[in-house]
Amino acid sequence: MVTRPPLSENELLENASKIAGKTLQQIAIKQGIETPEDQHRHKGWIGQLLEHSLGATAGSLPEPDFLHIGVELKTLPLNHLGTPKESTYVCAINLTSPESRWENSLVKHKLSRVLWLPVEADPDIPLAARRIGSAILWSPDKDQESVLRRDWEELMDMIAMGELEQITAHQGQYLQIRPKASNSKALCKGINSEGEEILTLPRGFYLRTILTRQILIQHDLKIK
DNA sequence: AGCTGATCATAT
DNA sequence: ATATGATCAGCT
């Protein structure tokens, strides 16, 4: 099944509503794709399945999933309580020439328009049987953006000061910085407090579940 | 049970 | 090594 890229947000939402309630296996069969037993060696499988299913264009290019309508697709794994089970990866961080302004940052741009697609992720449900939920088209509201901005500025200040080795995932209310690498031996360049080049773990920005939980709640309240 | 640090796959 | 897509798994 070939899915044409959506030409508008409404078309994207309509396409998303058509797969709401379906199982991952139902979608995979339509795509002619095998469903793996589990995600241990297929961590990105659901995201890529749903990208294809909704006609995303970007592939592994540094572009929004739906380029011409400027929308990013994020799956949102839900536990047995229906709340987010995992944090959400946003983007990698250039540690040698850190961005200086929130307004121009990759995080702000990536999060400016996101289609959240909830998916059951209770480990008791076999991967093939997990159902897709109702999509949420989201942009940060004023309060959310101000917290994101504060977190980003605090963390990027530390990187700019050469304090990246002092950064821990404990920092940040909505945004946190964690390793984003193949393993702990895959290193990249960074800058220390003396301005010298060092080798360090690649890092990425992640959204805490406290924010994605809030997004789900906001949406539910809007429906009712 | 939640969270942080580590890890897995694929394409370029 | 970097981009994409994320989840795993041990510790508190």
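These numbers were taken from a predicted model, which means no experiment stands behind them. Letters A, B, ... are given to chains in the order of the sequence lines, protein chains preceding strands, and every chain is numbered from 1.
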Any residue of residues 156-187 of chain A with a heavy atom less than 4.0 Å from an atom of DNA chain C: A/R178, A/K180, A/L187
Under 4.5 Å between side-chain heavy atoms, counting indirect links through other Ile/Leu/Val/Met/Phe/Trp/Tyr residues: same cluster for A/Y89 and A/V119 or not? no
Nearest-angstrom distance from the residue atom OH of A/Y206 to P of B/dT7: 12 Å
Starting from P on B/dT4, measure out to OH on A/Y89 and report it in whole angstrom. 18 Å
Under a 3.5 Å distance rule, please check whether A/N15 uses its side chain to pair with a backbone N or O of A/L54 as donor and acceptor. no
DNA chain C: A/W45 or A/H40, which has the more 5' nearest nucleotide? A/W45
Yes or no on salt bridge (charged side-chain N to carboxylate O under 4.0 Å, His left out) for A/K85 and A/E120, after CA distance, side-chain angles and deciding distance? CA-CA 9 Å; A/K85 181 188 170 192; A/E120 286 180 329; over 6 Å; no
Just checking A/Q173: does its CD atom have more than 12 heavy atoms from other residues, nucleotides or ligands closer to it than 6.0 angstrom? yes
Sub-4.5 Å side-chain heavy-atom contact between A/T212 and A/K74: no
Just checking A/G44: base, sugar-phosphate only, or nothing, at a heavy-atom cut-off of under 4.0 Å? base
With heavy atoms under 4.0 Å as the rule, sort A/E72 into base, sugar-phosphate or nothing. sugar-phosphate
Between the opening five pairs and the closing five pairs of the helix from B/dA1-C/dT12 to B/dT12-C/dA1, how far apart are the helix axes, to 10°? 30°
Going 5' to 3' on DNA chain C, which nucleotide is the first and which the last to come under 4.0 Å of a heavy atom in chain A? C/dA1 to C/dA9
Using a 4.0 Å heavy-atom cut-off, does A/P77 contact any base of the nucleic acid, only the sugar-phosphate backbone, or nothing at all? sugar-phosphate
Just the rounded figure in Å: distance from P of B/dG5 to CD1 of A/I93. 13 Å
A/E165, CD atom: more than 12 neighbouring heavy atoms under 6.0 Å: yes
What I'd like to find out is whether the side chain of A/I177 reaches to under 4.5 Å of the side chain of A/I159, using heavy atoms alone. yes
Categorize A/K189 for me: base, sugar-phosphate, or nothing, with a 4.0 angstrom heavy-atom threshold over every strand shown. nothing
Indicate yes or no: does A/E153 engage A/R149 in a salt bridge with an N to O separation below 4.0 Å. yes
Between CG of A/L201 and C1' of B/dT4 the distance, given in whole Å, is 13 Å
Check whether any side-chain N or O of A/T57 sits under 3.5 Å from a backbone N or O of A/D65 as a donor-acceptor pair, and report yes or no. yes
Exam field: side chain A/Q144 to backbone A/D141, donor-acceptor pair closer than 3.5 Å: yes
Length of the line joining A/Q39:CD and B/dT7:C1', which is rounded to integer Å: 14 Å
Assign each of A/R41 and A/N79 to its nearest nucleotide of DNA chain B by heavy atoms, then name whichever residue's nucleotide is nearer the 5' end. A/N79
Walk me through it: do A/L7 and A/H68 pass the test side-chain contact (heavy atoms from CB on, under 4.5 Å)? CA-CA 8 Å; A/L7 300 178; A/H68 54 288; 4.0 Å; yes
Looking across every strand, which nucleic acid part, if any, lies under 4.0 Å from A/E86 by heavy atom: base, sugar-phosphate, or nothing? base
Check: A/P84 main-chain N/O paired with A/R213 side-chain donor or acceptor under 3.5 Å: no
